[in-house]
Every structure is written in structure tokens, then in C-alpha cells.
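Everything below concerns the one structure shown next.
In what follows, chains carry the letters A, B, and so on, assigned in the order in which the sequence lines appear, proteins first and then strands, with residues in each chain numbered from 1.
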Amino acid sequence: MGLKLYNTLTRRLEDFIPRSDVVGIYTCGLTVQGPPHVGHIRAALVRDILMRWLSHLGHKVKALENFTDIDDKIIEKQKEYKQDWRIISQKNIETYLRACDELNITRADVYPRASQHIEEIISLVQRLIDKGYAYEKKGDVYFRVRKFPDYGRFSKKSIDELMAGARIEPTESKDDPLDFTLWKAAKPGEPYWLSPWGKGRPGWHIECSAMSMHYLGETFDIHTGGEDLIFPHHENEIAQSVAATGKEFVRFWLHNGWVTLTGEKMSKSTGHYSPIKDVLERYSSNVIRLFMLKTHYRKQLEYADERLHEARSAYATIKTYLDKHGDVPQISEPLMRDTFTEAMNDDLNTSRALAVLYELITEGNECKDDRRAKEIAASVKYYYTLLGFIEEVEEVVEPYKAVVQILSDVKKRLREEKRDSVLESITSIDDFELLKDIKNIYPLIIRLLLRIRDELRKEKDYEFADYIRERLSESGIFVDDSTKGSTYRREVR
RNA sequence: GGCGGUAUAGCCAAGUAGCAAGGCGGCGGUCUGCAAAACCGCUAUUCGCCGGUGCAAAUCCGGCUGCCGCCUCCA
């Protein structure tokens, strides 16, 4: 059984058969007038998982993710902040890409920007005019919706119903309220490009058709984006593309469910959203990834601290298991391959795929046979990596300061209480030449504290020992005692 | 109003006809000076409500209700 994907075009699960050797993917990315939020990341993560899985299945992939960096909203922001639109968009793009990198989201091959493809946009608009699908009015160019018989089919909307809500803005001079803008004349003071219709800028929608065709050809395999883009954005993309080329535009349309906050959809325009920057400060990349993959991509996903905390605990289980096994060999034939593959092939069912991971972990923990245990651990790591989780890099600077303070407090107390025997036991530890290297000194100090604590425990001074444990725990360092001695672990963020 | 989605344990969440995956939490246990961690075990006779078709339904059909969304900018 091969990969099946839910296609919005047909509203059913279909076998994914690529058109050629290279699978073309276009993701509708951001309109960059505001900071990226969790919803945008979900869309990016869907592309990431799709790309990872397609590559795993042996496909070559060429992926684009666009930035619509010039539109009405960004011009508004320019006026509001008295800052050039290019600076605003650049800032938001950088924030977004940094967040994606931190989240280990596979980079698209190209991140085209509308403002950098004006030439392709103009020629596409011209093509539509030449074919009679578009017309110019006072420097604006509109797409004649009624000329395109299939309009509304994709989003299952009827033209008559759309008419009821349609309006012509006072500034527009459309022939028909349903018509949408392909090219918009610039008002004085607004950014513009020269075109056959005068100074102006692209309308929203046309950039995606122009750029996807430019990089992927007039027909390509997969188009992804948030569910909220089905109408009007993708409906319009299809109309203008098919009208221009007379060819099929996209084979598969994948739409992810939105992210909600307190039960309502996150949205840039209403200000009801959590910026990804804030989220990354609070939770590690792996935790955020797990949080998102736990729910199937087409379902609505509630962003709430409670959910993230749950994901953090769930992630700790995986991390603890992998840490316990340390180095595991790289393998190419993991256990439970069929179950995992079946889940992923079923419209990228990451929820089920993760269940495979957890089943393996439980089995690994029960397993007494060393060889088998190694094999299980290797399989867990294999799937973990395949799903885009990463090895965590520990931050050392902040906790370093904290442990130095704790050590100093503990030494002070030892001196005050004249605990000479304990003090003596540690003076022999003269590893301070290692002070030069912060990465080495950090665990060293913790081990030193654990040794002091060990002495105290031998002397049955549990109150003092517990004090050290408590202080460390406040800094996110948890001490675990076992018959083999004490170990510590860092809190999962 | 039209269209689309969704309703499964305390919470989250898979599951489209054959005795309900997985996670979080909770409870019990092993270990321990205590704790924590880790591990083990238990935790839905039942899938929003009502009716129907099947030997058999969370899964199909009809009706009802709740929630979310699109129809205007949105990932």
C-alpha cells in the first residue's frame, strides 16, 4: 500500500502518484505584515512532515514556500509604523525562518517573494487579459469570475450565494462584484511597480499562481496551506491559473486545520494569536513538535498551556528512554516498520505513528534481552528522527550561574556549621583548572554538590542533603538517588 | 441562511462494520532515609441524542442537538 492523501479537490483520500521524478510542492506561506504565530508553524510543520515522508518513500521533492510581502495590509503597517514595507516584511520573514530552523522544519528549496516576481506576475495578468479573462479599469485589473464556469467548485460555493455577500468597494470599478483584483493601481505615496496598466502592485492571489508556475511548471503535484485559504485564495488561484494555461493546475490540495486559542481560531487580523517567538521561549522545539504531531494535521488543534504541558510530559518519556540507551546504532530496518508505514501512508497519520513509538518504548522497558533491547532503542531513535525530532543542546550559561551560587551557599553553610569532615572530603577535589571551560565546569560543579550531599547522607544529615536537592531542583536540576549513586537530569523545557 | 468540519474515558487523541491504539492525569505496586525518576499493573461493557439497516455499527442510513469555521483579511 502506498501513500494516500486527502485531497480537498475531491474531498476524499486518494493514492498519491507523482507526475514525474520530482514532486513539486507549493505551500502558501505568510503575508508578512505581522509576526508569525503558532498557526503558521503548523502549516510549515505539515509541509515538513510531508517532505520528510515523501523523501523517506524515495521521492525527490522540490518545495516552495512563498512570502506575500506586498499587499494592502503591509501598506497600512507602513503608514502606521512609518517604516518602509520592506523593513517590516524582512523582519517578519527573519523571525519566521529563525523559528522554523529552531523547530527543525525542513527548509523549502525556494522562498519566493511576491515583490521579487513582479515580472512573472505582470506577464500572467497580461495573459489573462489577452484570453479575455481579465480586464483593466482605471489602472486596476480584475479577473472576470463569471467567465470561468467552474468558479466556486473547489470551495463548494455557488456564485449566486457569493453574490449575496459581495460588494464593490467605493474605490473599485469592477464590472461585477464577484470579480477579484489581479493588479491594483497605486495611490499617491504607495509603493508601486511599472506595468502596462500604469503604476501599481499585484493583488492578493496572483503571486501564488505566478510563482508556483515559474518554479514548478504549469501543473504540479501538491499545494498545501491552512484550511482558511480554501476560499477565496485557492479558489481564485485555480481560476486564474487554469484560465491562463488551460491546463490542470494542481493535483493534490492539502489543507491543515487551524490552531485555536481559547476555542477560537488564531488570526493575525483579530490579534487573537500566540506569536511563535513567545512560544519558543517557553517550550522546547521537540515539545512543540510533539504537541502538534499528536493531533492529525487536518483536525483543529487547541493551543493551551495545559496541552503543551501534557506534550512536555509525553516528550519526557521519549527523551528519558533515549537518554537511558545513549548510543544506539544507526539501522535501516526498524521494528514495527509496517505499522508505522501504514500510519504515515494513511494521510500522514502522525498520531498513530507516535503510538508505534510508545509501544516500542514500553516493550523496550520490559525487555530483558540486551540485543533485543538495543534493537528496540535503535528503532525508537529511527522513528524519532524520521518525525523530525532533534538532539537537544543544553543551555549552560544560566544554570551555570545558578549552580555556582548554590555551591557557594552550601560551602558557607558547611563552614558555619563547622562540618570539617565534609569540607575535607571536597578540598581534595581541585578541578578548578577546568574553570576555563564553562561546558565542563557546569556538570563538574553539580557533581561536586552531589558528592557533598553524598557525604551528608552518609552522616545521615538528611535535612542538609534535602536542602541541596531542593536548591538544585529550583534551578531545574533534578537529583535522582539510586542504589548505584546519585544522578541528575535537567528539566525538559 | 448556504457550505464545510467535528462530537470517543477526568483531559487530549487514533480508530469508517467483527469484541475501543496511544499519550497526559489518577490510583496501586517495585525501588528509596525520604523524595523524585524509572519501571510494572489498573483506569471507556462503551463511542453527543433518537430511530433504522445488518448475524454484527463508534464505524452505514435518516432525524435531532452542541461546538468550531468559511461565505470579508487569515496558515
Inset, instruction - Tell me whether the OP1 or OP2 atom of B:rC39 has a side-chain N or O from A:K324 closer than 4.0 Å. - result: no
Legend entry - A:E359 (side chain) and B:rG22 (base): donor-acceptor pair under 3.5 Å: no
Inset, instruction - Pull out every residue in residues 27-50 of chain A that has a heavy atom closer than 4.0 Å to any atom of RNA chain B, ordered by number, or say none. - result: A:C28, A:G29, A:L30, A:T31, A:H37, A:G39, A:H40, A:A43
Inset, instruction - Could you check whether A:G257 gets within reach of a base, just the sugar-phosphate, or nothing at all, counting any heavy atom under 4.0 Å? - result: base
Legend entry - Pair A:D179 + A:R146, salt bridge at N-O below 4.0 Å: no
Inset, instruction - Report which part of the nucleic acid A:T317 touches: base, sugar-phosphate, or nothing (heavy-atom distance under 4.0 Å, all strands). - result: sugar-phosphate
Inset, instruction - Classify the nucleic acid contact of A:N256 as base, sugar-phosphate or nothing, counting any heavy atom under 4.0 Å across all strands shown. - result: base
Inset, instruction - Answer with base, sugar-phosphate or nothing: what part of the nucleic acid does A:E227 contact at a heavy-atom distance below 4.0 Å? - result: nothing
Inset, instruction - Scan A:S313 against the nucleic acid and name what it touches under 4.0 Å (heavy atoms): base, sugar-phosphate only, or nothing. - result: sugar-phosphate
Inset, instruction - Just call it for A:R457: base, sugar-phosphate, or nothing, with non-hydrogen atoms closer than 4.0 Å on any strand. - result: base
Inset, instruction - Tell me what A:S267 touches on the nucleic acid: a base, only sugar-phosphate, or nothing, going by heavy atoms under 4.0 Å. - result: base
Legend entry - Minimum-distance nucleotide to A:L229 side chain [options: B:rG22, B:rC24, B:rA75]: B:rA75
Inset, instruction - Indicate, with a heavy-atom threshold strictly under 4.0 Å, whether A:K299 touches base, sugar-phosphate, or nothing. - result: sugar-phosphate
Inset, instruction - Look at the side chain of A:N349 against the base of B:rG22 and say whether a donor-acceptor pair falls under 3.5 Å; ignore hydrogens and angles. - result: no
Inset, instruction - Just call it for A:S351: base, sugar-phosphate, or nothing, with non-hydrogen atoms closer than 4.0 Å on any strand. - result: base
Inset, instruction - Using a heavy-atom cut-off of under 4.0 Å over every strand shown, decide if A:E264 touches base, sugar-phosphate, or nothing. - result: sugar-phosphate
Legend entry - 5' priority, RNA chain B, between A:V259 and A:R11 [closest heavy atom]: A:R11
Inset, instruction - Using a 4.0 Å heavy-atom cut-off across all strands, classify A:R12 as base, sugar-phosphate, or nothing. - result: nothing
Inset, instruction - Compare side-chain N and O positions of A:K268 against OP1 and OP2 of B:rC73 and report whether any pair is under 4.0 Å apart. - result: no
Legend entry - Under-3.5 Å donor-acceptor pair between A:D72 side chain and B:rC73 base: no
Legend entry - Test item: A:R11 side-chain N/O and A:Y6 main-chain N/O as donor-acceptor pair under 3.5 Å: no
Inset, instruction - Please tell me which of the listed nucleotides, B:rA21, B:rC11, B:rA36, lies nearest to the side chain of A:D480? - result: B:rA36
Inset, instruction - Looking at every strand, decide which applies to A:K156 at a 4.0 Å heavy-atom threshold: base, sugar-phosphate, or nothing. - result: sugar-phosphate
Legend entry - Minimum-distance nucleotide (side-chain atoms of A:E161 versus B:rC68, B:rC11, B:rG2): B:rG2
Legend entry - Basic-acidic side-chain contact under 4.0 Å: A:K294, A:E310: yes
Inset, instruction - Describe the nucleic acid contact of A:Y462 in one word from base, sugar-phosphate, nothing, applying a heavy-atom distance below 4.0 Å. - result: base
Inset, instruction - Name the nucleic acid region contacted by A:S473, choosing base, sugar-phosphate or nothing; use a 4.0 angstrom heavy-atom cut-off, strictly under. - result: nothing
Inset, instruction - Answer yes or no: side-chain N or O of A:R469 and base N or O of B:rA36 forming a donor-acceptor pair under 3.5 Å. - result: no
Legend entry - B:rG54: syn or anti, per glycosidic angle within 90° of 0: syn
Inset, instruction - Stems involving RNA chain B: give each as a range paired with a range, ordered by first number, where a stem means at least three consecutive Watson-Crick or G-U wobble pairs under 3.5 Å. - result: B:1-7 with B:65-71, B:10-12 with B:22-24, B:25-30 with B:38-43, B:48-52 with B:60-64
